[in-house]
Amino acid sequence: MCGIVAYIGPRQAYPILIKGLHRLEYRGYDSSGVAILNSNLKLYKSKGKVSELEESVKGKDLSGTIGIAHTRWATHGEPNDVNAHPHFSYSQNLAIIHNGIIENYSPLRNELKKRGFVFISETDTEVLIHLIEDIQLNEKVPLAEAVQIALNQVVGAYAIVIIDKNDPDTLIAARKGSPLVVGIGEDEFFVASDATPIVEYTREVVYLNDEEIAVLSRNHELRIRTIKNIEKTPYIQTLEINLSELEKEGYEHFMLKEIYEQPRSIRDSMRGRLKVKDGIVLLGGIIEYQQKLINAKRIIIVACGTSWHAGLVGEYLFEELARIPVEVEYASEFRYRNPVIYEDDVVIAISQSGETADTLAAIELAKSKGATIIGICNVVGSSIARATHAGSYTHAGPEIGVASTKAFTAQVTLLTLMALMLADQKGTISRSKFNQLLHELDGIPEKVEKTLLVNDKIIEIAEVFKNSRNALYLGRGYNYPVAMEGALKLKEISYVHAEGYPAAEMKHGPIALIDAEMPVVVIATNKGTYDKVVSNIQEVKARKGVIIAIVTEGDEMVKALADYYIEIPETEELLVPLLATIPLQLLSYHIAVMRGCNVDQPRNLAKSVTVE
Ligand code: G6P
């Protein structure tokens with residue numbers, strides 16, 4: 001959600017902080033701010049985008065080699081200059097940036113108010129910094145200890161960095177439930193909520209664990225203690241992100257770049273795992289738990305948003321190939337409804353960011369009941385990746401556009417590999433079918449590349465429908481989740497109301513909406529329930545609905561029925577989602593661009609949802 005960047009070292013902090021904020025802007029972006037220390041603790045904040053902050057600080061004193069900065073996605077208090085971070089303590093000696101939510105902020109605030117504290121903002125964050133200063137002064141303890149005491153009183157989630165006017169040589173950082181990464185350079189430290197602002201300066205990073213407090217001091221090694229005062233040895237990891245993955249590289253938007261990256265990202269997610277010549281699927285990250293999966297009586301998939309849609313495709317894959325019953329749950333519902341979880345259940349948690357609060361909580365719940373948890377995450381070292389027993393990274397590379405594209409197809413690819421591996425091990429698939437599917441999957445990146453050639457045609461279709469106020473997306477079987485994902489993409493970035501439905505369900509409600517104004521996108525590829533989908537198209541046409549059909553190359557019947565059609569290459573039915581998704585991503589992208597929407601940073605949305 002919000003983004004954190006902090007720096008201490010020999011360089012000027014401001015350029016590093018502001019560049020870092022730009023890199024993190026995709027996470028949340030209704031306001032931003034920066035605090036820099038150089039004899040004075042200077043604090044600048046601004047509503048709106050990071051560029052507005054940049055404008056507002058022009059000509060101001062920005063010198064200093066230690067500083068903290070933040071982009072905010074509002075939770076407590078509307079987005080404005082006052083509620084933006086950093087927040088000063090009462091004496092203005094301390095400033096804090098914070099991601100997450102302090103759940104017991106209200107009693108803490110009342111308590112502090114009684115003692116004469118005055119609050120300027122509506123945020124929970126301001127409560128925390130007042131509390132820390134109160135402890136620092138009353139108990140006469142160093143700042144790190146005051147932070148430790150305060151965090152023991154706090155309920156909720158936090159990633160924080162604190163700067164102290166009286167100590168220009170130290171930053172204090174801590175986390176619980178919200179991610180925080182420390183970058184270690186030469187005589188310098190960086191802190192950020194993910195590695196993207198750090199990677200151009202150093203590849204050595206330490207991911208803080210929950211309830212850890214890091215002290216970053218000039219001329220000192222990184223020191224980490226828990227809030228229970230246990231010393232920890234920092235575990236240094238090497239980042240594998242390429243800087244080019246964080247740039248638009250000539251594309252107008254990250255989303256478009258990421259759509260076009262899919263032949264590569266799908267290939268990367270299969271690399272070293274799909275071994276066509278040897279006729280095997282090897283998932284090294286879960287090998288230790290393979291037997292658990294084979295023996296599982298049931299698989300529960302937990303996820304949110306687009307990852308949940310990938311989970312739905314997973315349900316069809318696991319049930320068809322490996323004959324294991326699957327339930328796909330919204331993590332936010334699962335965690336609060338006292339679900340029945342058995343010890344021989346395998347829970348698969350899917351998350352691009354690896355930080356989604358609800359998914360993380362669902363994992364903890366299932367873990368506490370003894371289930372085995374397998375992760376499918378994109379961000380290496382993320383909280384979910386670390387909370388699971390085992391897992392496979394999707395290796396799609398950093399996804400910056402808020403609307404998920406390449407992460408979705410990478411998730412579906414991994415689920416396909418997992419289902420194939422299980423089917424093979426369980427003997428629920430014939431060897432010849434297995435080999436045929438491996439071969440076809442291996443060729444999918446080329447077919448995605450071919451699918452992308454439909455772009456020009458999609459621009460023409462987008463031109464026709466850019467002013468529509470509603471849209472219906474229909475699909476059956478494997479294409480039902482694809483329809484839902486297509487509708488979600490349109491909603492997210494172009495603010496057009498869209499519904500994704502299993503095509504046959506249309507009769508039970510949505511059909512009432514159909515008229516000549518209503519575009520109906522139908523995924524009508526030529527397998528499985530093709531004939532039934534053709535009937536559904538007829539039903540729409542009979543009500544003057546306008547059909548945009550996704551068809552298999554060479555299909556003549558649907559082409560003749562549809563008002564507009566987009567062809568995708570022929571493939572195995574269970575691999576169709578990897579191709580059919582592409583034109584829907586492009587359609588929503590072009591409609592959003594034509595409507596003048598902010599494609600990469602749609603209003604109200606955040607890339608990494610670290611609050612429930
Ligand atoms: C947010 C993002 C979506 C994403 C969902 C789940 O809503 O905007 O694109 O699908 O969170 O995120 P995750 O990182 O867990 O996949």
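All ligand and atom numbering here is 1-based and tracks the order in the structure. A quick note: this is a predicted structure, and the numbers were derived from the prediction, not measured.
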Which residue and non-hydrogen atom of the protein lie closest to [atom], and at what distance in Å?
atom	answer
atom 12 (O) of ligand 1	T356 OG1, 3.3 Å
atom 3 (C) of ligand 1	E492 OE2, 4.2 Å
atom 2 (C) of ligand 1	A606 O, 3.5 Å
atom 5 (C) of ligand 1	C304 O, 4.0 Å

Examine H389 together with Y289 and report whether their ring centres are nearer than 6.0 Å. yes

Going by the atom numbers of ligand 1, which of them fall below 4.0 Å from some non-hydrogen atom of [X]?
X	value
S404	9 (O)
V609	1 (C), 7 (O), 11 (O)
S307	10 (O), 13 (P), 16 (O)
T306	10 (O)
S351	13 (P), 14 (O), 15 (O), 16 (O)
Q352	13 (P), 14 (O), 15 (O), 16 (O)

Criterion ring-ring contact (aromatic ring centres under 6.0 Å, His included) on Y501 and Y473, from CA distance to verdict: CA-CA 6 Å; Y501 248 79; Y473 285 68; over 10 Å; no

Pairing of [X] and [Y] as salt bridge, 4.0 angstrom limit:
X	Y	result
K47	D30	no
K406	E261	yes
K176	D210	no
R337	E329	yes
E327	R298	yes

Sub-3.5 Å N/O-N/O distance, T359 and ligand 1: no

Below 4.0 Å, non-hydrogen atoms only: which portion of V402 touches ligand 1? Side chain, backbone, both or neither. both

Assess, by modelled atom type and distance only, whether the side chains of N378 and H395 contain a donor and an acceptor separated by less than 3.5 Å. no

